[in-house]
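Down below is the structure, laid out as structure tokens.
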Amino acid sequence: MEKVDTQTRIKGMDNGAYIFVDLFNDNQVWLNLNVSGANIHTVLNKEQAKDMIAALINIVNAMEE
């Protein structure tokens, strides 16, 4: 089976800010935030990742109203 590239890098609006999202342990989501002078990461399970997606969709939809 061919491995799918799941890593995504999103450049933030602040200089040097990036968000990295990737698959972790085949059933979790790795979320990493890098800004100048700091770095933080967390791992989300599938339900938590779905909650985050729903929250982002809700915010984007509110911006369009």
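Partners of T42 by side chain to side chain donor-acceptor pair (under 3.5 Å), not counting sequence neighbours: none found. For N25, the side-chain contact (heavy atoms from CB on, under 4.5 Å) test picks out N27, Q28, with sequence neighbours left out. In this view, N39 and N32, N34 satisfy the side-chain contact (heavy atoms from CB on, under 4.5 Å) rule, not counting sequence neighbours.
Separation of atoms CG (L23) and OG1 (T8) is listed at 11.0 Å; rounding is to 0.5 Å. Distance check: L33 CG to H41 NE2 gives 11.5 Å after rounding to the nearest 0.5 Å.
Residue pairs satisfying the ring-ring contact (aromatic ring centres under 6.0 Å, His included) criterion with at least one member in residues 7-28, sequence neighbours excluded, are listed as follows: F24-W30.
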Extract all donor-acceptor atom pairs below 3.5 Å that involve side chains of residues 44-62 and protein atoms in other chains or at least two apart in sequence.
from	atom 1	to	atom 2	distance (Å)
N45	OD1	E47	N	3.1
N45	OD1	Q48	N	2.8
Q48	OE1	N45	N	2.8
N61	ND2	I57	O	3.3

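Atom CD1 of I10 has more than 12 heavy atoms from other residues, nucleotides or ligands within 6.0 Å.
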